[in-house]
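Right, one structure below, let's go through it.
Note on naming: letters A, B, ... go to the chains in the order of the sequence lines (proteins, then strands), and numbering restarts at 1 for each one.
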Amino acid sequence: MSDQPFELDGISNPAPEGDSPPPAVAPVAVDRAFGQDNRARLLEEYFAPYGTVEPGNAWKHTYRLLLWLDRTTGLAHCYESDKSQAGRPWYARSLAFHDWVSASLDVDPRDLGEHIDVLFRRASADLAAAAANRRARLAESARKQRSIYLGRGMPEPGEDPELEEIVTAVLDPYLVTPPPAEVMRNLTERIQAHVGQENKRKNLVGEGFEDAIAALLRRVTGVPDVHDIYVRPSLHDLPGFRPPRAGSKKRQVDLALVHRVSGYRTLVSCKWSVRSDREEQFASDFSDYAELEDAGKDFSYVLVTNEFDPARLAAACDMRRQNAPLFTDVVHVNPQGVLAAYSDRGSNAKTEGGQARASRRISEKRVQALGSWLGSLATA
DNA sequence: GATCTGCCGACATCCTTTTA
DNA sequence: TAAAAGGATGTCGGCAGATC
């Protein structure tokens with residue numbers, strides 16, 4: 001893959017608002033910066049310079065688009081942050097993964113953050129711009145709303161006395177004069193926005209992962225010629241599935257592929273990460289799909305994930321329905337990244353049961369690489 | 001002490017209903 | 001009829017108790 005042609009300048013540090021006019025926002029981002037239309041626009045922009053995608057590079061695009069740095073460690077996020085703190089077992093694994101992914105993307109480990117997380121950073125910039133526009137638009141009515149309380153000492157929007165106190169207490173020895181109230185308010189608003197930003201990520205990662213995989217499917221040579229690709233379709237819009245009974249909730253699937261010649265159907269569940277409640281959902285989803293299957297023909301059920309937890313990854317491989325594996329294929333963005341994390345040299349772990357089990361699933365190819373799955377679809 | 005397991009909160013979007 | 005409000009749904013990571 002060539003060096004990042006996608007323009008990222010200015011994403012991380014948008015200019016402070018001040019008196020400057022509100023920034024321009026793409027129309028699709030005005031109300032729903034994280035919505036599917038804006039995600040589609042951002043993906044289109046991202047992939048435009050590349051044209052088609054080699055299956056072997058699919059994981060690089062996925063990580064450039066969606067992987068992020070854990071703010072508490074500065075390392076590529078591959079596990080829950082509380083267990084990834086320095087000195088704890090997953091810190092060593094996070095270091096190993098960060099080292100591996102930096103080398104594989106051919107970037108300096110210190111600069112990795114500038115090369116990944118494109119989708120979230122772009123959508124967040126749109127969100128901030130849209131919020132600035134909205135504030136500017138509502139400023140006049142806000143002024144009217146506050147006017148009847150003039151002189152009553154009403155708090156200003158964005159004021160956070162506790163946070164201001166922390167900031168001024170720390171900086172006090174270095175300040176010649178206390179910052180003006182407006183400057184402090186602007187600072188606390190920016191700190192709050194920065195801290196609150198991480199909570200929004202999961203809203204983008206979820207469907208953003210599905211969109212990114214769909215975008216790759218459409219760009220790997222051969223796949224769109226051989227398969228019709230559906231993103232979050234209703235099940236009954238796919239051939240061979242019937243609508244649910246009246247009054248029952250309609251069923252959706254994350255992604256679906258239908259072979260253009262044979263009509264063979266592949267239902268895909270995309271989950272960036274897995275928890276046990278989601279594992280249960282896999283089984284109940286499959287049972288719903290099977291119940292609504294109306295053509296009397298087989299279909300595949302595939303999991304695409306970026307889960308690093310060995311127990312969860314192995315469990316997904318081993319889940320069964322009746323006398324067959326639940327998932328036809330378990331696809332990981334890059335199993336080599338998982339193995340790199342497990343191979344950390346600083347770990348003092350005593351038990352390796354889960355890791356050994358997950359590693360075995362990878363070596364047996366039960367966990368398949370995204371690239372090889374895409375390649376197999378192109379030739380299917 | 002490490003790993004496994006399950007629950008929960010924060011959030012955004014999307015769809016439906018209500019209000020002006 | 002358009003805008004606003006309300007509610008449902010679905011996403012994920014964080015967290016903590018249970019187990020090994």
Would you say the ring centroid of [X] lies under 6.0 angstrom from that of [Y]?
| X | Y | value |
| --- | --- | --- |
| A:Phe327 | A:Phe282 | yes |
| A:Phe97 | A:Tyr342 | no |
| A:Tyr289 | A:Tyr301 | yes |

Tell me which one of A:His77, A:Gln85, A:Glu198 satisfies side chain to side chain donor-acceptor pair (under 3.5 Å) with A:Thr72. A:Gln85
Over how many whole Å does the gap from [X] atom [atom1] to [N] atom [atom2] extend?
| X | N | atom1 | atom2 | answer |
| --- | --- | --- | --- | --- |
| A:Asp70 | C:dG14 | CG | C1' | 11 Å |
| A:Arg275 | B:dC8 | CZ | C1' | 12 Å |
| A:Leu119 | B:dA12 | CG | P | 15 Å |
| A:Tyr79 | B:dC4 | OH | P | 7 Å |
| A:Asp318 | B:dC4 | CG | C1' | 15 Å |
| A:Asp309 | C:dA16 | CG | C1' | 15 Å |
| A:Gln192 | B:dA10 | CD | C1' | 16 Å |
| A:Arg312 | B:dC7 | CZ | P | 13 Å |

Distance alone, cut at 3.5 Å: any donor-acceptor contact between the side chains of A:His61 and A:Tyr46? yes
Report yes or no: do A:Asp237 and A:Tyr230 form a side-chain donor-acceptor pair below 3.5 Å? no
Rounded at 0.5 Å granularity, tell me how far OG in A:Ser84 sits from CG in A:Asp70. 6.0 Å
Under 4.0 Å, heavy atoms only, any strand: does A:Glu280 hit a base, just the sugar-phosphate, or nothing? nothing
Give me the one residue out of A:Lys200, A:Arg41, A:Arg39 that meets salt bridge (charged side-chain N to carboxylate O under 4.0 Å, His left out) with A:Asp126. A:Arg41
Determine, for A:Glu293 against A:Arg242, whether the closest basic-nitrogen to carboxylate-oxygen distance falls under 4.0 angstrom. no
What string of B, S and - do you get for nucleotides 15-20 of chain B, 5' to 3', when a contact is any protein heavy atom under 4.0 Å? ------
For a quick check, with a 4.0 angstrom heavy-atom cut-off, what is the B/S/- contact string for nucleotides 4-12 of chain C, read 5' to 3'? ------BBB
Using heavy-atom distances to pick each residue's nearest nucleotide on DNA chain B, tell me which of A:Asn199 and A:Lys83 is more 5'. A:Lys83
